Amino acid sequence: MRLGGLMVVVTLLAACAGPYQYYEGTGLHDATTAEVAGAWENVEGTRVVLRGDGTALLDRLDGQDFDFEDGWRLSGTGTWRLADDDGGQVVRLALTARTRVAMRPGLTAADPSAPEPPSTYAWSFYVDRDERDALVLFFFYGDPDIGNTYVMARETTA
């Protein structure tokens with residue numbers, strides 16, 4: 001009976017582990033800081049500029065992981081660096097001076113029980129290449145069992 005109970009616990013724990021929880025990275029190790037520097041955007045109107053000197057401008061960047069559920073979008077200035085971990089490269093982005101907070105489109109006023117949006121924040125963007133060999137940056141958001149990705153692509157000029 002004791003073994004049966006242990007198997008139930010192990011099964012329940014494994015069922016709660018989504019793809020994000022075991023994600024080890026893209027395996028990419030060949031991106032350069034010069035290649036990552038520049039303007040990035042996503043379909044939700046987020047814009048991030050990673051300057052060559054390690055400073056950054058952020059406009060309406062959503063929270064990572066479960067923080068995304070709070071609905072806030074941060075704007076301001078910060079710093080960034082390209083790190084090379086065992087699983088691949090990651091852009092470490094830090095908001096150091098918040099200038100504005102907005103709510104994600106389609107959301108009404110924030111839940112009164114929700115925490116105050118942070119005045120500083122840190123993101124880790126995985127670095128990968130698309131089918132055209134262009135860099136993309138992404139992080140996971142929301143419930144880790146689902147594995148939603150927040151993708152930033154090189155800004156296109158209109």
Side-chain angles (χ1 to χ4, degrees), residues 17-111 114-158:
Y20 161 69
Q21 292 173 318
Y22 297 113
Y23 192 74
E24 295 182 16
T26 63
L28 185 75
H29 295 281
D30 67 351
T32 65
T33 301
E35 190 178 15
V36 173
W40 298 86
E41 64 185 358
N42 82 352
V43 297
E44 298 293 325
T46 297
R47 183 169 189 266
V48 174
V49 177
L50 305 175
R51 295 179 174 151
D53 65 359
T55 61
L57 299 173
L58 295 73
D59 187 34
R60 296 176 306 224
L61 185 54
D62 294 282
Q64 188 169 346
D65 300 324
F66 279 113
D67 291 337
F68 182 85
E69 305 301 329
D70 291 335
W72 45 255
R73 307 182 85 201
L74 303 176
S75 297
T77 58
T79 61
W80 74 279
R81 67 181 178 85
L82 179 62
D84 199 344
D85 296 338
D86 288 342
Q89 290 174 297
V90 179
V91 170
R92 307 266 188 228
L93 175 63
L95 174 73
T96 56
R98 185 182 81 188
T99 58
R100 189 174 76 238
V101 175
M103 294 302 290
R104 200 166 38 257
L107 295 179
T108 55
D111 178 351
E116 178 71 22
S119 57
T120 62
Y121 195 80
W123 294 263
S124 291
F125 285 90
Y126 293 103
V127 180
D128 203 2
R129 293 193 185 277
D130 65 14
E131 61 281 350
R132 296 179 324 267
D133 206 35
L135 285 184
V136 292
L137 308 177
F138 70 94
F139 62 76
F140 291 97
Y141 69 89
D143 186 339
D145 291 334
I146 297 172
N148 291 321
T149 54
Y150 191 96
V151 179
M152 301 290 291
R154 183 69 65 188
E155 186 175 70
T156 57
T157 54

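By convention here, the first residue in the shown sequence is residue 1. Just so you know, these numbers use all the heavy atoms, side chains as well, and skip hydrogens, waters and symmetry mates. In this text the structure is predicted, and so the values were computed from the model without any measurement.
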Could you give the distance from [atom1] ([X]) to [atom2] ([Y]), rounded to the nearest 0.5 Å?
X: R47; Y: N42; atom1: CZ; atom2: CG; value: 12.5 Å
X: M152; Y: L135; atom1: CE; atom2: CG; value: 13.0 Å
X: W72; Y: D67; atom1: CH2; atom2: CG; value: 4.5 Å
X: R81; Y: T33; atom1: CZ; atom2: OG1; value: 10.5 Å

Closest approach of [X] to [Y] (non-hydrogen atoms, all atoms of both residues):
X: V101; Y: P117; value: CG1-CG, 3.8 Å
X: R92; Y: V90; value: NH1-CG1, 3.5 Å
X: V127; Y: A31; value: CG1-CB, 4.1 Å
X: S119; Y: L95; value: O-CD2, 4.0 Å
X: E69; Y: D143; value: OE2-N, 4.1 Å

Can you check whether [X] reaches [Y] side chain to side chain, under 4.5 Å on heavy atoms?
X: L58; Y: T77; value: no
X: R51; Y: L57; value: yes
X: I146; Y: F140; value: no
X: P118; Y: L74; value: yes
X: Q64; Y: S124; value: yes
X: Y141; Y: D65; value: no
X: V48; Y: L50; value: yes
X: L137; Y: W40; value: yes

Any donor and acceptor pair, going by atom type alone, linking the side chain of [X] with main-chain N or O of [Y] inside 3.5 Å?
X: T149; Y: V151; answer: no
X: S75; Y: T99; answer: no
X: W123; Y: D62; answer: yes
X: D130; Y: D133; answer: yes

For the pair R73 and L61, evaluate side chain to side chain contact (heavy atoms under 4.5 Å, CB included) and give the outcome as yes or no after the intermediate values. CA-CA 5 Å; R73 307 182 85 201; L61 185 54; over 6 Å; no
Might you work through the side chain to side chain contact (heavy atoms under 4.5 Å, CB included) test for V36 and L82, ending with a clear yes or no? CA-CA 8 Å; V36 173; L82 179 62; 4.2 Å; yes
What verdict does the side chain to side chain contact (heavy atoms under 4.5 Å, CB included) test give for R154 and V136, after you've listed the backbone C-alpha separation in whole Å, the side-chain angles of each residue and the deciding distance to 0.1 Å? CA-CA 7 Å; R154 183 69 65 188; V136 292; over 6 Å; no
Relative to F68, does R104 satisfy both conditions: NZ or CZ under 6.0 angstrom from the six-membered ring centre, and within 45 degrees of the ring's axis?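 Yes, R104 and F68 form such a contact.
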Among side-chain atoms of T46 and R60, is any donor-acceptor pair under 3.5 angstrom?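 No donor-acceptor contact under 3.5 Å links the two side chains.
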Stepwise side chain to side chain contact (heavy atoms under 4.5 Å, CB included) check, R129 with D30: CA-CA 10 Å; R129 293 193 185 277; D30 67 351; 3.3 Å; yes
Among F138, F139, Y150, which residue meets the ring pair (Phe, Tyr, Trp, His ring centres under 6.0 Å) test with Y126? F138
Surrounding CG of D53 (heavy atoms of other residues, nucleotides or ligands, distance under 6.0 Å), is the total greater than 12? yes
